Each structure stands twice: as C-alpha cells, then as structure tokens.
S.K.: 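Quick one: the structure is below, and I'll ask about it shortly.
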Amino acid sequence: MQAPELTIVLPAYNESKNIKPLVDKIAQAMGSITHEVIVVDDNSPDDTAGITRNLVSEYPHIRCIRRIGRRGLSGACLEGMMAANAPVVAVMDADMQHDETRLPVMLDEIKNGADLVIGSRYVDGGDHKAGFQQKSRAKGSEIATSMANYITGNYTSDPMSGFFMLTRQTADKAAETVSKDGFKILFDIVSRFGENLTIKEVPFQFRERAEGESKLGFLVTLQFFGLLVSRFTGGLIPMRFMLYALVGFSGLFVHMATLFALFYGAGVDFAVAQFAGAFAAMTSNFALNNSVTYAHRKLKGNQFWVGLFTFYAVCSIGALANVSIAQSLFELRQSTWFAGLAGALMNTVFNYAVTKLVTWRDT
Ligand code: GDD
Ligand code: MN
C-alpha cells in the first residue's frame, strides 16, 4: 500500500446501505490519487461498522472508527480528521448527497495553496435544491446560511456545507477549540479561523440522499441557533445556556397552562394549582433539557429519575435564593421591576450552572 495523498472522512450513522456504493464511486473518482477512507460510526444499530469492515478485503484502504456511547456529527468528523494519515483531509456525507467527482478539483486547490476548500451549493455551478425533499428545508437552509454569514463574516457562500477539504495543519489547529457537539463543524472552523485561512470554493450540486433518512432534525436546528447566538456574543453566553434559557421560557407556558387548567377547570385552590404548575414546569424543563440541551449526556433509565430528583432539588434552592435576593434588592431600591428581574436572572444562572454539574455532570 502506498502512503495516501488524501484522507476521506465519512461520518456515518445508520448508513449501511450507502457505504459500499459510495466507496465504489470514490475509488472511481480518485483515479490515480492515492487515498484512504475512514468511516466514523457511532455504533449504528444497522451495523454500519460491520459492513464497512467487510469491505476491507476488496478495499484495503478503508477503515472504520466505531465510537461507543457517543453521538454527534461534529465530534465524529473531528475524530476522523485526527485519525487521518494523509497530509490533506476531506469530509463528506456518507449518503451520496455530496459529489465525489469534485474531490480531485478540491485537492488541486489545496495544492495551489488553499488551506480550506469548501464544496459550495451557493456559487455559480452549484445547487442546493435537489438535495432537499421538502421546499421548507431548502428555505430553512438558505435562511440559516445568511444568518450564519451575517454573524461570522462572509468568508464563504456556504458555511453550512458538510463537504470540505483542508490541510492536516489546519485541522490540527482547529481541533483544540472547535465545538465537539452539534452539526456544524465547518461553520465553527470558518467562524473561528476564517480570517487567517486561505479559503477556496468549488461548486457542487447537492444530490438527494440515496438510502435511509436525514439525522438533521428539530433538535439539531435548535442547537444550531444556540450556537449562532453564542457566537454573536463572542462566546460570552455559552450555547448551552441559550438552550437552557429557551427551555426555561417554554416552562412558563407549561406553568400557566397547568395553573389555569387546575384553577378554572378543576376548581383547585389557587395555591395548590400554582404549586402544581411549578412542578409541571420543572418536570417538562428537565425532560426538555435532557433531550435538547444535554442531548450529548442524555440520562436514561434509573439515571433519568435520579436526575429529575436532583433537578427539583436544585431548582427549589434556586427559587429560595431568588426570593431572598429579590427581597433585599427591593428593600434597597424599591423597584419591583429591578428586584424581580434580577432575582429571576440570578435564579436562571444558578440553576443552569448547578444542574449542569450536578444533574448532567457536564464538566
Ligand atoms: N458518526 C455519526 N454520528 N455520523 C452522523 C451523525 C452522528 O451522530 N449524525 C449524522 N451523521 C452522518 C450521516 O450518516 C451522514 O453521513 C452525514 O453525517 C450527514 O447527515 P445527514 O443526516 O445526511 O444530514 P443532512 O443531509 O440532513 O444535512 C446535510 O446538509 C446540511 C446543510 O444543509 C449535511 O451535509 C450537513 O453537514 C449540512 O450542514
Ligand atoms: Mn445527508
């Protein structure tokens, strides 16, 4: 086997049917360029890992990283990039949505001095619409793209692309600071390092996914907006706090709905209905934070109940501290708005910081 010129990283979750056809196509597209393929699988139930390993007899240049107990596209890409043997690394979807015939063109750009080459759907010759089954997702992608560019500067026409190539050196530099969770590793690299990189774009036509289904759901979208706001504040407000606050806001509605239902609907005492409202809100906040904010540390089974209990406990302490601080501020300034908001803000920050450590043990 010859030393590879290019490493192609394929993050894959439940892509067992797509791996072989894609590896065939890549081999065809690469011609005489020596390359290796690394499939990064997060222990997919459809045995993507096993299927990849079975291909080795035919393709000795393919290997699989099988991660246990971890999920996430950015983290998977990063691990694949760090395991690369070649001086240049490409990342592409494993579902055939990206055009492998562009790889040699991208490699030429690197040889001509680019640090980062982005497969773009938004430059002349590129297209994004075919890849989205629903119009709404195409629109959503357009909006997210312009928001991302508004916030991070126009380094590229397609900061949300999952198709890109970079030098090992650039990858190594980015690895230390790039966010390991979420979907948007390219966006993260560009927004942090764009200024110091020579970036080139190569147009490609986003194709329809071959087999299986997309993993980009509501959760991923929400996480992305959290990341955007976080970046907008220069990292001052962490992404997870944004999500936590958003969930807290939703809890307000749960609280009010429960209160009204019990008080007006069931004729329960106001105090009891208010108490039940608070509990309902805490419970839904916990469940939502567990699957959205802390998706990467999701508590299951027994741990779910232990987590819920600690969440109740921390929130109760937070509420007590809230009231006593608001009370002293009120005595000091006599402003209801000021005292009330300061107490609530402190309460949110306290609950966030403590449940992060105690409930989800996210350090
Ligand atoms: N290992 C691993 N772990 N791989 C994952 C995970 C995960 O948690 N989630 C997704 N993948 C893999 C998928 O198997 C696929 O090969 C690739 O990452 C992209 O996931 P898709 O589910 O196909 O995403 P998409 O097609 O909806 O989104 C694409 O378009 C977005 C922009 O519109 C991707 O290219 C995104 O990167 C891109 O931002
Ligand atoms: Mn896809």
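Counting starts at 1 for both ligands and their atoms, following the listed order. On a predicted model such as this, the values are computed, not experimentally measured, just so you know.
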S.K.: Could you list which atoms of ligand 1 come closer than 4.0 Å to a heavy atom of Ala76?
M.R.: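 Heavy-atom distances to Ala76 below 4.0 Å select 1 (N), 2 (C).
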
S.K.: Identify the closest protein heavy atom to atom 12 (C) of ligand 1: which residue and atom is it, and at what distance?
M.R.: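 Going by distance alone, atom 12 (C) of ligand 1 is nearest to Pro11 O, 3.5 Å.
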
S.K.: Take atom NZ in Lys135; do more than 12 heavy atoms of anything else shown fall under 6.0 Å from it?
M.R.: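 Incorrect, the count does not exceed 12.
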
S.K.: With heavy atoms of Lys215 as the reference, note each atom of ligand 1 found under 4.0 Å away.
M.R.: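 Under 4.0 Å from Lys215, ligand 1 has these atoms: 9 (N), 10 (C), 14 (O), 21 (P), 22 (O).
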
S.K.: Could you check whether atom CG of Asp124 has more than 12 heavy atoms from other residues, nucleotides or ligands sitting under 6.0 Å from it?
M.R.: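 No.
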
S.K.: Among all protein heavy atoms in this structure, tell me which lies nearest to atom 20 (O) of ligand 1, with the distance rounded to 0.1 Å.
M.R.: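 Nearest protein contact, heavy atoms only, for atom 20 (O) of ligand 1 is Phe183 CZ, 4.0 Å.
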
S.K.: Could you label the plane-to-plane angle of the Tyr264 and Phe260 rings as parallel, tilted or perpendicular, counting under 30° as parallel and over 60° as perpendicular?
M.R.: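 Tilted: the ring planes of Tyr264 and Phe260 meet at 30° to 60°.
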
S.K.: Are more than 12 heavy atoms from other residues, nucleotides or ligands located less than 6.0 Å from atom OH of Tyr59?
M.R.: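 Yes.
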
S.K.: In this structure, does ligand 1 have an atom that sits under 4.0 Å from one of the heavy atoms of Lys184?
M.R.: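 Yes, Lys184 has heavy atoms under 4.0 Å from ligand 1.
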
S.K.: Please confirm whether Phe163 comes under 4.0 Å of ligand 1, counting heavy atoms of the residue only.
M.R.: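 No; Phe163 lies far enough from ligand 1 that no heavy-atom distance drops under 4.0 Å.
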
S.K.: Parallel, tilted or perpendicular: which describes the rings of His128 and Tyr122, with under 30° parallel and over 60° perpendicular?
M.R.: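 Ring orientation of His128 relative to Tyr122: tilted.
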
S.K.: Classify the ring geometry of His98 against Phe163: parallel below 30°, tilted from 30° to 60°, perpendicular beyond 60°.
M.R.: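 Judged by the thresholds at 30° and 60°, the geometry between His98 and Phe163 is parallel.
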
S.K.: With the 4.5 Å side-chain cut-off for hydrophobic clustering, are Val254 and Leu308 part of the same group?
M.R.: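 No: no chain of side-chain contacts under 4.5 Å links Val254 to Leu308.
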
S.K.: For ligand 1, which part of Arg67 has a heavy atom less than 4.0 Å away: the side chain, the backbone, both, or neither?
M.R.: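 The answer is neither.
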
S.K.: Run down the list Gly131, Cys77, Ala12 and name the one with the heavy atom closest to atom 4 (N) of ligand 1.
M.R.: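 Nearest option to atom 4 (N) of ligand 1, by heavy atoms: Ala12.
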
S.K.: Nearest protein heavy atom to atom 7 (C) of ligand 1, by residue and atom, and its distance?
M.R.: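 Here the closest protein heavy atom is Arg71 NE, 3.5 Å.
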
S.K.: Give me the residue, atom name and distance of the protein heavy atom closest to atom 26 (O) of ligand 1.
M.R.: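 Nearest protein contact, heavy atoms only, for atom 26 (O) of ligand 1 is Gln97 OE1, 2.5 Å.
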
S.K.: May I ask you to list the atoms of ligand 1 that are less than 4.0 angstrom from any heavy atom of Phe206?
M.R.: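 Under 4.0 Å from Phe206, ligand 1 has these atoms: 30 (O).
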
S.K.: Could you check Glu100 against Arg207 for salt bridge (Lys or Arg N to Asp or Glu O under 4.0 Å), going step by step and ending with a plain yes or no?
M.R.: CA-CA 11 Å; Glu100 67 291 334; Arg207 299 185 293 221; 2.8 Å; yes

S.K.: Measure the distance from atom 14 (O) of ligand 1 to every protein heavy atom, then report the residue, atom name and distance (to 0.1 Å) of the closest one.
M.R.: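 Here the closest protein heavy atom is Glu15 OE2, 2.5 Å.
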
S.K.: Quick check on contacts: which atoms of ligand 1 are under 4.0 angstrom from a heavy atom of Val40?
M.R.: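 With Val40 as reference, the close atoms of ligand 1 come out as 1 (N).
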
S.K.: Could you find the nearest protein heavy atom to atom 6 (C) of ligand 1 and give me its residue, atom name and distance?
M.R.: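 Among all protein heavy atoms, the one nearest atom 6 (C) of ligand 1 is Tyr13 CB, 3.8 Å.
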
S.K.: Considering only heavy atoms of Ser141, which atoms of ligand 1 have at least one such atom less than 4.0 Å away?
M.R.: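 Heavy-atom distances to Ser141 below 4.0 Å select 33 (O).
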
S.K.: Which residue supplies the protein heavy atom nearest to atom 35 (O) of ligand 1, what is that atom called, and how far is it?
M.R.: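 Here the nearest protein heavy atom works out to Asp93 OD2, 2.9 Å.
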
S.K.: Nearest non-hydrogen atom to atom 11 (N) of ligand 1 belongs to which of Asp42, Val39, Leu73?
M.R.: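 Considering heavy atoms of Asp42, Val39, Leu73, the nearest to atom 11 (N) of ligand 1 sits in Leu73.
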
S.K.: Under the 6.0 Å and 45° cation-pi test, does Arg121 pair with Phe206?
M.R.: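 The answer is yes; both the distance and angle limits are met.
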
S.K.: Closest by any non-hydrogen atom to atom 33 (O) of ligand 1: pick that one out of Met160, Arg121, Glu213.
M.R.: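 The residue whose heavy atom sits nearest atom 33 (O) of ligand 1 is Arg121.
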
S.K.: Quick one: pull up CE in Met242 and OG1 in Thr293 and give me the separation to the nearest 0.5 Å.
M.R.: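 It is 10.5 Å, given to the nearest 0.5 Å.
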
S.K.: Rounded to the nearest 0.5 Å, what's the gap from CG on Leu103 to CE on Met165? Could you check?
M.R.: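 If we round to the nearest 0.5 Å, Leu103:CG and Met165:CE are 5.0 Å apart.
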
S.K.: Checking contacts here: is it the side chain or the backbone of Ala94 that comes within 4.0 Å of ligand 1, counting heavy atoms only? Could be both or neither.
M.R.: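 Both backbone and side chain.
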
S.K.: So, applying salt bridge (charged side-chain N to carboxylate O under 4.0 Å, His left out) with Asp42, which one of Arg67, Arg66, Arg70 is it?
M.R.: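 Only one of Arg67, Arg66, Arg70 forms a salt bridge (charged side-chain N to carboxylate O under 4.0 Å, His left out) with Asp42, namely Arg67.
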
S.K.: Can you sort out which atoms of ligand 1 are near Gly162, meaning under 4.0 Å from one of its heavy atoms?
M.R.: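 Result: 35 (O), 37 (O).
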
S.K.: Is it true that atom NZ of Lys215 has more than 12 heavy atoms of other residues, nucleotides or ligands lying nearer than 6.0 Å?
M.R.: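 Buried by this count: over 12 neighbours within 6.0 Å.
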
S.K.: With Arg71 as the cation and Tyr13 as the aromatic partner, state whether NZ or CZ is under 6.0 Å from the six-membered ring centre and within 45° of the axis.
M.R.: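 Judged by the rule (NZ or CZ under 6.0 Å from the ring centre, within 45° of its axis), Arg71 counts as positioned above Tyr13.
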
S.K.: Is the NZ atom of Lys200 crowded by more than 12 outside heavy atoms at less than 6.0 Å?
M.R.: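 No, the 6.0 Å shell around NZ holds no more than 12 heavy atoms from other groups.
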
S.K.: Quick one: pull up CD1 in Ile62 and NE2 in His35 and give me the separation to the nearest 0.5 Å.
M.R.: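 The distance works out to 9.0 Å.
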
S.K.: Distances under 2.8 Å only: what protein N/O/S atoms are near the Mn ion (ligand 2), ordered by chain and residue?
M.R.: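 You should have found Asp95 OD2, Gln97 OE1.
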
S.K.: Counting from 1, what ligand 1 atoms have a heavy atom of Arg209 closer than 4.0 Å?
M.R.: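 Taking each heavy atom of Arg209 in turn, ligand 1 has 21 (P), 22 (O), 23 (O) under 4.0 Å.
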
S.K.: Measure the distances from the heavy atoms of Phe132 to every atom of ligand 1 and state whether one is below 4.0 angstrom.
M.R.: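 For ligand 1, residue contact (heavy atoms, under 4.0 Å) with Phe132 is present.
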
S.K.: Calculate, to the nearest 0.5 Å, the distance between atoms CG and CD belonging to Asp99 and Gln205 respectively.
M.R.: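 Result: 8.0 Å between the selected atoms.
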
S.K.: Looking at His98, which atoms of ligand 1 are within less than 4.0 Å of one of its heavy atoms?
M.R.: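 Answer, ordered by atom number: 35 (O).
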
S.K.: Who's the nearest protein heavy-atom neighbour of atom 27 (O) of ligand 1, and how far?
M.R.: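 Of every protein heavy atom, Ser214 OG, 2.5 Å lies nearest to atom 27 (O) of ligand 1.
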
S.K.: State plainly whether the residues Glu15 and Arg209 are in salt-bridge range, i.e. N to O under 4.0 Å.
M.R.: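 Looking at Glu15 and Arg209, the cut-off is met.
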
